[in-house]
Amino acid sequence: MDKALIILAGATGNLGRYIATALIQKGASVKALVRKESSPEKLKQLQLAGASIAEVDFEYPATLIKACSGGSCVVSALAGLRDIIVGKQGVLLDSAVESGVQRFIPSDYSIDFTKLPDGTNRNLDLRRDFHKRLDRTPIAATSILNGAFTDMLTGQAPFILFKLRRVLYWGNPDQRMDFTTINDTAAFTAAAALDPSTPRILRIAGEQTSARELAKTASEVTGKRFRLLRAGSLKTLDRLIRITRALLPETEALYPPWQGMQYMHNMFSGLAKLEPLDNHRYPGMRWTSIREALETRL
Ligand SMILES: NC(=O)c1ccc[n+]([C@@H]2O[C@H](COP(=O)([O-])OP(=O)(O)OC[C@H]3O[C@@H](n4cnc5c(N)ncnc54)[C@H](OP(=O)(O)O)[C@@H]3O)[C@@H](O)[C@H]2O)c1
């Protein structure tokens, strides 16, 4: 039997390269759509992993239609603002439909924005806008919603303040939130890309935890006591977001400080909580716990 051909946009990115590797490990052929500006080093790594490369120009849909042809699913891991998520991803979608591809996985990979009111998260509003367009096409679309990347707990997300030995929270320290590693999100996305009948949304979480539980885990992993640090109420956070946004000029930055605060608000409010979970859909998927992620990164 021929290998399934998966067309992957954003394959040079942080998440995309893991999706490419996971697909190849699962026996798929991967065609990475790249642009003239993509780093030659990243292209070399994708080729070494076993992907084929197709250079496309999003200004010329014919290049995308040709590259998508023969694919069973188009997976997008593009990142950016409106120009990318609605604009270029829209051109990719139309090209997939035009070339007869049956399935499409948009670049969502986030908390459950389908439940969020407009205006509460600039980056996630863009995804809902894209969905309006996506749901008007005949293609079978599946969004993967994974909460926040667990990897960010040891990176830029201001949850665990390692130097201060505090876990910051807004509102309720017992509000549970969803976390999944980049690697697990990529493995699940690859399985979904190769699954011919997926529902419109698949929700996954490597672990669901609260600020209080995070403090306990960080204490156990480091052997040092981590306490909770209440930053304020959700109303205060909302005010802070408005003030910061008014003070900072609207930039092209993907993650300005107020945008990070919007994610925190969405998560601590519980509105964007993922349920029910589809974690058990693919046998053999092993979920990395927060404890493991902290142990390997610290
Ligand atoms: N849930 C979470 O906690 C979380 C955290 C981070 C990201 N994400 C999501 O994961 C997805 C991927 O993000 P990422 O961090 O992997 O992104 P990334 O590392 O910045 O990669 C972005 C990809 O998009 C491509 N791209 C950017 N601008 C482009 C343009 N103008 N034309 C064509 N291609 C363009 C890049 O190609 P080049 O290499 O050519 O620039 C790259 O392949 C996004 O949906 C993002 O929101 C989720």
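Numbers here simply count residues along the sequence, with the first being 1.
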S.K.: Can you tell me if S110 and D108 form a side-chain donor-acceptor pair at under 3.5 Å?
M.R.: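 There is no such pair (donor and acceptor under 3.5 Å, judged by atom type) between the side chains of S110 and D108.
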S.K.: Can you tell me if D184 and T288 form a side-chain donor-acceptor pair at under 3.5 Å?
M.R.: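 The criterion, which ignores hydrogens and geometry beyond distance, is satisfied for T288 and D184.
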S.K.: Checking side chain to side chain contact (heavy atoms under 4.5 Å, CB included) against L33, which of T63, V56, T12 comes through?
M.R.: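 Only one option passes, and that is V56.
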S.K.: Taking all non-hydrogen atoms of both residues into account, name the closest pair between I111 and L274 and its distance.
M.R.: C-CD2, 4.4 Å
S.K.: Parallel, tilted or perpendicular: which one describes the rings of F226 and F162, with boundaries at 30° and 60°?
M.R.: perpendicular
S.K.: May I ask whether L153 and L161 are part of the same hydrophobic cluster, defined by side-chain heavy atoms of I, L, V, M, F, W, Y residues being less than 4.5 angstrom apart, directly or through others?
M.R.: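 Hydrophobic grouping puts L153 with L161.
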S.K.: Going by atom types only, do N123 and Y255 share a side-chain donor-acceptor pair under 3.5 Å?
M.R.: no
S.K.: Does the ring pair (Phe, Tyr, Trp, His ring centres under 6.0 Å) test come out yes or no for F179 and F149, once each step is laid out?
M.R.: CA-CA 6 Å; F179 294 91; F149 286 154; over 10 Å; no
S.K.: Kindly give the heavy-atom pair with the smallest separation between I24 and A51, and that separation in Å.
M.R.: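 For I24 versus A51, the nearest heavy atoms are CD1-N, 3.6 Å.
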S.K.: Are R200 and S143 linked by a side-chain donor-acceptor pair shorter than 3.5 Å?
M.R.: yes
S.K.: Do the charged groups of R122 and D125 touch, with an N to O distance under 4.0 Å?
M.R.: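 Salt bridge: no.
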S.K.: To the nearest 0.5 Å, how far apart are NZ in K26 and OG1 in T21?
M.R.: 12.0 Å
S.K.: I need the minimum non-hydrogen distance between A187 and M285, along with the two atoms involved.
M.R.: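 That would be CB-SD, 3.9 Å.
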S.K.: Just by distance, no angles: are the side chains of H131 and R136 close enough, under 3.5 Å, to form a donor-acceptor pair?
M.R.: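 On atom types as modelled, these side chains do not qualify, holding no pair under 3.5 Å.
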S.K.: State whether E207 and R176 are salt-bridged, where the test is any N-O pair (Lys NZ or Arg NE/NH1/NH2 against Asp/Glu carboxylate O) under 4.0 Å.
M.R.: no
S.K.: A side-chain contact here means heavy atoms from C-beta on lying under 4.5 Å apart; do S210 and Q175 qualify?
M.R.: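 In short, these two side chains do not touch, never coming nearer than 4.5 Å.
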S.K.: When you check the gap from the basic side-chain N to the acidic O, do R203 and D178 get nearer than 4.0 Å?
M.R.: no
S.K.: Only one of R166, M267, M152 clears side chain to side chain contact (heavy atoms under 4.5 Å, CB included) with F159; which?
M.R.: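 Considering R166, M267, M152, a side chain to side chain contact (heavy atoms under 4.5 Å, CB included) with F159 is found only for M267.
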S.K.: Between R128 and D118, does any NZ, NE, NH1 or NH2 come within less than 4.0 Å of an OD or OE carboxylate oxygen?
M.R.: yes
S.K.: Taking atom types as modelled, is there a side-chain donor on Q259 or N121 under 3.5 Å from an acceptor on the other?
M.R.: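 Yes, side-chain donor-acceptor contact under 3.5 Å.
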S.K.: Between D129 and R133, is the closest basic N to carboxylate O distance under 4.0 Å?
M.R.: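 A salt bridge is absent here (no side-chain N lies under 4.0 Å from a carboxylate O).
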S.K.: Which heavy atom of N183 sits nearest to which heavy atom of Y18, and what is that distance?
M.R.: OD1-CD2, 3.4 Å
S.K.: Under a 3.5 Å cutoff, is there a donor and acceptor pairing between the side chains of T198 and T142?
M.R.: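 A pair is found: one side chain offers a donor N or O, the other an acceptor, under 3.5 Å apart.
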S.K.: Charged N to carboxylate O below 4.0 Å: is that the case for R281 and D278?
M.R.: no
S.K.: For the pair K88 and D83, find out whether any cationic side-chain nitrogen is under 4.0 Å from an anionic carboxylate oxygen.
M.R.: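 Yes, this pair counts.
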S.K.: Could you check whether any side-chain heavy atom of L64 comes within less than 4.5 Å of a side-chain heavy atom of S99, counting everything from C-beta outward?
M.R.: no
S.K.: Indicate whether the side chain of E292 and that of S289 have a donor and an acceptor atom separated by less than 3.5 Å.
M.R.: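 Present: a donor and an acceptor within the cut-off.
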